[in-house]
Amino acid sequence: MAHQRTDSHLKDSIELFRYYKNLAERAMNQSSDAALFQTLDVESNSIAIVVKHMAGNMRSRWTDFLTTGRRKAGSQPRLGI
């Protein structure tokens, strides 16, 4: 799928989100349910945990972003950025 830029940031963002969502779903469909919850070692996260964190981060970034600003209550400032 070729991405076509428009003058609408929202439309572009939604199209790109849907593209990556579809790509991730197709990749995860190649794994068994059990494999989605496996970790490589004690220091790594499973695919399921990574997806859960990404969903939470996106929900946080796209909820009330016009009224609350980028920082959410309780978030820590990032150092070195």
Side-chain angles (χ1 to χ4, degrees):
M1 173 181 134
H3 297 290
Q4 294 183 357
R5 185 183 177 283
T6 68
D7 290 331
S8 169
H9 177 71
L10 181 59
K11 183 178 178 185
D12 291 342
S13 297
I14 291 170
E15 181 181 324
L16 203 54
F17 169 79
R18 287 183 178 148
Y19 170 78
Y20 282 114
K21 181 178 184 275
N22 180 268
L23 194 66
E25 287 172 345
R26 288 182 14 230
M28 288 188 295
N29 283 336
Q30 297 178 43
S31 296
S32 67
D33 289 346
L36 295 175
F37 294 93
Q38 290 178 340
T39 59
L40 295 176
D41 58 43
V42 296
E43 296 291 322
S44 62
N45 289 320
S46 67
I47 295 170
I49 292 295
V50 172
V51 170
K52 180 181 177 182
H53 284 288
M54 290 177 65
N57 288 345
M58 286 187 287
R59 187 179 306 110
S60 173
R61 293 292 177 232
W62 290 96
T63 303
D64 297 327
F65 69 96
L66 293 175
T67 57
T68 60
R70 185 165 182 225
R71 293 272 177 226
K72 301 294 180 187
S75 67
Q76 300 294 319
R78 294 183 179 182
L79 301 176
I81 294 180

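Residue numbers run from 1 in the order of the sequence given.
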Where T39 and S44 come nearest, the two heavy atoms and their spacing: CG2-O, 3.5 Å

Considering all heavy atoms, the nearest A48-F37 contact: CB-CE2, 3.5 Å

R26 and N22: side chain donor to acceptor below 3.5 Å: yes

Distance in Å, E25 CD paired with Q30 CD, rounded so as to fall on 0.5 Å steps: 13.0 Å

Pairwise distance CG(L16) to NZ(K21) - rounded to 0.5 angstrom: 14.0 Å

Salt bridge K11-E15, side-chain N to carboxylate O under 4.0 Å: no

Side-chain heavy-atom pair Q38, I47 within 4.5 angstrom cut-off: no

Donor-acceptor under 3.5 Å (S13 side chain, H9 main chain): yes

Same apolar cluster (I L V M F W Y, side chains within < 4.5 Å links), I49/L36: no

D33 atom CG, neighbour heavy-atom count above 12 within 6.0 Å: no

Option from V51, N57, V50 for which side chain to side chain contact (heavy atoms under 4.5 Å, CB included) with M54 holds: V50

